[in-house]
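We use all heavy atoms of the structure for the numbers below, so side chains are in, but hydrogens, waters and symmetry mates are not. Every chain is numbered from 1 and lettered A, B, ... according to where its sequence line falls, protein lines coming before strand lines.
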2 protein chains.
Amino acid sequence: MAKISDVAREAGVSVATVSRALNDHPNVNPEYADRVRAAAAKLGYRPNGIARSLRRQSSDVIALIISDVSNPFFTAITRGVEDVAQRSGYSVLLCNADEDSAKEATYLRVAEQEQVAGVILSPHMAGSDVSRLRGANIPLVVIDRPLNEPVDSVMVHSREGAESATNHLLDAGWTRPACITGPEEAATAQERLQGYLEAVRQHGNLDELFVHAPFRQHGGARAASELLDAEVAPDALFVANAQMTLGVLDELKRRGLRIGRDIGIITFDDAPWAPFISPPMSVVAQPAYDIGAQAAQLLMERIRGTAPAERRQLTLSTTLIVRESSQRSWGMR
Amino acid sequence: MAKISDVAREAGVSVATVSRALNDHPNVNPEYADRVRAAAAKLGYRPNGIARSLRRQSSDVIALIISDVSNPFFTAITRGVEDVAQRSGYSVLLCNADEDSAKEATYLRVAEQEQVAGVILSPHMAGSDVSRLRGANIPLVVIDRPLNEPVDSVMVHSREGAESATNHLLDAGWTRPACITGPEEAATAQERLQGYLEAVRQHGNLDELFVHAPFRQHGGARAASELLDAEVAPDALFVANAQMTLGVLDELKRRGLRIGRDIGIITFDDAPWAPFISPPMSVVAQPAYDIGAQAAQLLMERIRGTAPAERRQLTLSTTLIVRESSQRSWGMR
DNA sequence: CGAACTGAAGTAATCGATTTCTGGAGCCTA
DNA sequence: TAGGCTCCAGAAATCGATTACTTCAGTTCG
């Protein structure tokens, strides 16, 4: 690889001049600048990003650390992040923490070591340790789940979404709704459960049925199985995430339960497949793309230093999309 | 952030000794080594990865550049890559080229600039320019789609998969199968089309019906619409990717066509939702996880220098999974 | 006319690690 | 006792850029 000194030799100037010309600093003789550009093009010179980062103490990539690549919610966020980052000239490195604190820590370390310009993180737990980022002065924006630190964040009104989903189930005529939520340490799991509980309590003398499980397909299957094995099984399910819902569907199928007739179901996250299963799945949709876009926006402002000192906390709203899986009438005629 | 000279001062030794102690070189007085480790721990020292990479001319991260994060096929690959990379002590930076040559070029540049230890790429086109990686001496493994360069690769027998899918459609009693495939520049799109054509030709006097479209949901919808608007519409569809299939389903629904009765359908890729739509979707499953794992394995060997000089080309097989969407009987009783 | 200023180039310090080179201490051997 | 080894630590070079500082020529102005 050609380096800056090669370009300097080729153009017959000093390395400082090459650097200045290529970064279009003021006060460079245009004629020299042209010569430098020609030499650089001829040699196929590309500045070594590592050396540049070392000197500048920052690079033009940001890290996006998400909880689970295979969850469409997070990949939709990714799109939002990429679009606004790219517009500001930043590249996005995606890191899959895979709902695992150890992997998350690894990627936070990588982010620090690689001196990324900023990090967007969906923390595995509220207690995730981001102290090294602060130490390295790397801006951070947190998404989806809160952190026990005063940092910029973009969240969603999960509780309200869960409450309206549960109310919808009740309004539709189901009488014994249960909640399948994520692991106890996940704040979103807690909030969605809270929303469910609130709705159930408002309706009076209803049992509070819920189980915690991993935010994964197998977690949903296990949770559904547990609930349905109970002495008095629920007749409707509110599921806290789309991945789990696939597991739930599996379990319902295994047991031959017909959705809309034997059991009602509504889930968080409007996965791309939701309209196409049978019956079409009612959902609480999260504005995933916007979460990503807003988070990236906040991060860009922090990186540029145009952000106010105090933390900013955005909370976006969910949308209840009623299809058929939550309706009692379906399949009865 | 504490740096190596701080540790050296704290431990009362030179920076060279600190470096040697921390990288456990031979010939370091154990007592000094202990003192260095203690000092490093006390200061919370972590070597600056940038500086280290600059000197060592390589880092311990690899880049995985995929065509589309929102495609479950690629996220499954990601899992495979991560598992084996992690086992060898490498972190994976995921880059979403988004079926866009410009973005792909950007990420290839980033990979070069950041001096990653290696790259796994699913190239947008066979002509994608990877010359810079060769120049920078960064090992490359190509997945899913071939490249006009002699590099290690892990592919799938797409043609055979497509052929068996089409044959299955024909065997099931459909008489006018069509193929919805990806854009012409995508090799996988071509191969899947070839497989379809081969099957159709073997069966004699059948029309060859196919349309190219982007490997996306809207692409599938558009293609389906076009085919179904034809004078003599197909009675079965072989779709080249799961994303497109969602679009196809949308279009079929819009037109009120009943799968299994009015039209048969089979698709490439066993998406997680495939068993749950109605009727359950027959698919040609790709061994996505294995593709990733094998590619990472090849890459690790290249990085370690234990790989043979000549290129290695693996081609894995697909599996036909017959569910119900492809069967003629469904819905008739 | 000389001091002060400006523009544009080069020299060298710098970022933070790794690694080569250099040299001193201790030991062995002829 | 001199010469040759080995072990180990520090000094300094190195990776490839950016940038503070220096230098010099040409201009402006009192």
field: With sequence neighbours excluded, residues passing side chain to side chain donor-acceptor pair (under 3.5 Å) with A/Arg35
entry: none
task: State, to 0.1 Å, how close A/Thr78 and A/Ile66 come at their nearest heavy-atom pair, and which atoms those are.
output: OG1-CD1, 4.3 Å
task: Sort and list the pairs that fulfil salt bridge (charged side-chain N to carboxylate O under 4.0 Å, His left out) and have at least one residue in residues 72-82 of chain B, not counting sequence neighbours.
output: A/Asp68-B/Arg79, A/Asp98-B/Arg79
- line: Closest non-hydrogen contact found for A/Arg311 with A/Glu149 is NH2-O, 3.7 Å
query: B/Tyr107 side chain to A/Val92 main-chain N or O, any donor-acceptor pair under 3.5 Å?
result: yes
message: Just to be sure I understand the geometry, which residues of residues 14-22 of chain A put a non-hydrogen atom under 4.0 Å away from DNA chain C?
response: A/Ser14, A/Ala16, A/Thr17, A/Arg20
query: Does the pair A/Arg37/A/Asp34 count as a salt bridge with the N-to-O cut at 4.0 Å?
result: yes
- prompt: For A/His25, does its backbone N or O pair with a side-chain atom of A/Asn23 as donor and acceptor, under 3.5 Å?
  reply: no
Identify every side-chain donor-acceptor pair in residues 40-52 of chain A under 3.5 Å, counting partners at least two apart or on other chains, and give the distances.
{"unit_1": "A/Lys42", "atom_1": "NZ", "unit_2": "A/Glu10", "atom_2": "OE2", "d": "2.8"}
{"unit_1": "A/Asn48", "atom_1": "OD1", "unit_2": "A/Ile50", "atom_2": "N", "d": "2.8"}
{"unit_1": "A/Asn48", "atom_1": "OD1", "unit_2": "A/Ala51", "atom_2": "N", "d": "3.0"}

Residue from A/Asn148, A/Ile143, A/Val130, A/Leu147 passing side chain to side chain contact (heavy atoms under 4.5 Å, CB included) with A/Pro123: A/Leu147
- request: Kindly state each residue pair satisfying salt bridge (charged side-chain N to carboxylate O under 4.0 Å, His left out) with at least one member in residues 289-298 of chain A, sequence neighbours excluded.
  value: none
- request: Would you indicate, yes or no, if C/dA8 has its OP1 or OP2 atom less than 4.0 angstrom from a side-chain nitrogen or oxygen of A/Asn27?
  value: yes
query: Just wondering, do A/Glu104 and A/Cys95 contact through their side chains at under 4.5 Å, heavy atoms?
result: no
message: If you compare all heavy atoms of A/Ser5 against all heavy atoms of A/Val15, which two are closest, and at what distance to 0.1 Å?
response: CA-CG1, 3.7 Å
- prompt: Taking all non-hydrogen atoms of both residues, which atom of A/Tyr90 and which atom of A/Ser59 are closest, and how far apart?
  reply: CE2-O, 4.1 Å
query: Is there a donor-acceptor pair closer than 3.5 Å between any side-chain N or O of A/Glu112 and the backbone N or O of A/Ala136?
result: no
query: How would you list, by chain and number, every residue that makes a salt bridge (Lys or Arg N to Asp or Glu O under 4.0 Å) with B/Arg302, sequence neighbours excluded?
result: B/Asp152
field: Near-strand residues of residues 109-118 of chain B, defined as heavy-atom separation under 4.0 angstrom from DNA chain D
entry: none
statement: Residues B/Ala189 and B/Pro183: closest non-hydrogen pair is CB-O, 3.4 Å
task: Shoot me the first and last contacting nucleotide of DNA chain D against chain A, ordered 5' to 3', at under 4.0 angstrom to non-hydrogen atoms.
output: D/dG16 to D/dA20
query: At how many degrees, to 10°, do the end axes of the helix from C/dC1-D/dG30 to C/dA30-D/dT1 meet when each uses five pairs?
result: 70°
- prompt: To the nearest angstrom, how far is B/Asp60 atom CG from C/dA17 atom P?
  reply: 15 Å
Look for any protein N or O under 3.5 Å of an N or O in nucleotides 22-28 of chain C and output each such pair with its distance, or none.
none

Nucleic acid contacts - residues 48-59 of chain B versus DNA chain C, non-hydrogen atoms under 4.0 Å: B/Asn48, B/Ala51, B/Arg52, B/Leu54, B/Arg55, B/Arg56
message: Restricting to salt bridge (Lys or Arg N to Asp or Glu O under 4.0 Å), what partner residues turn up for B/Asp83, sequence neighbours left out?
response: none
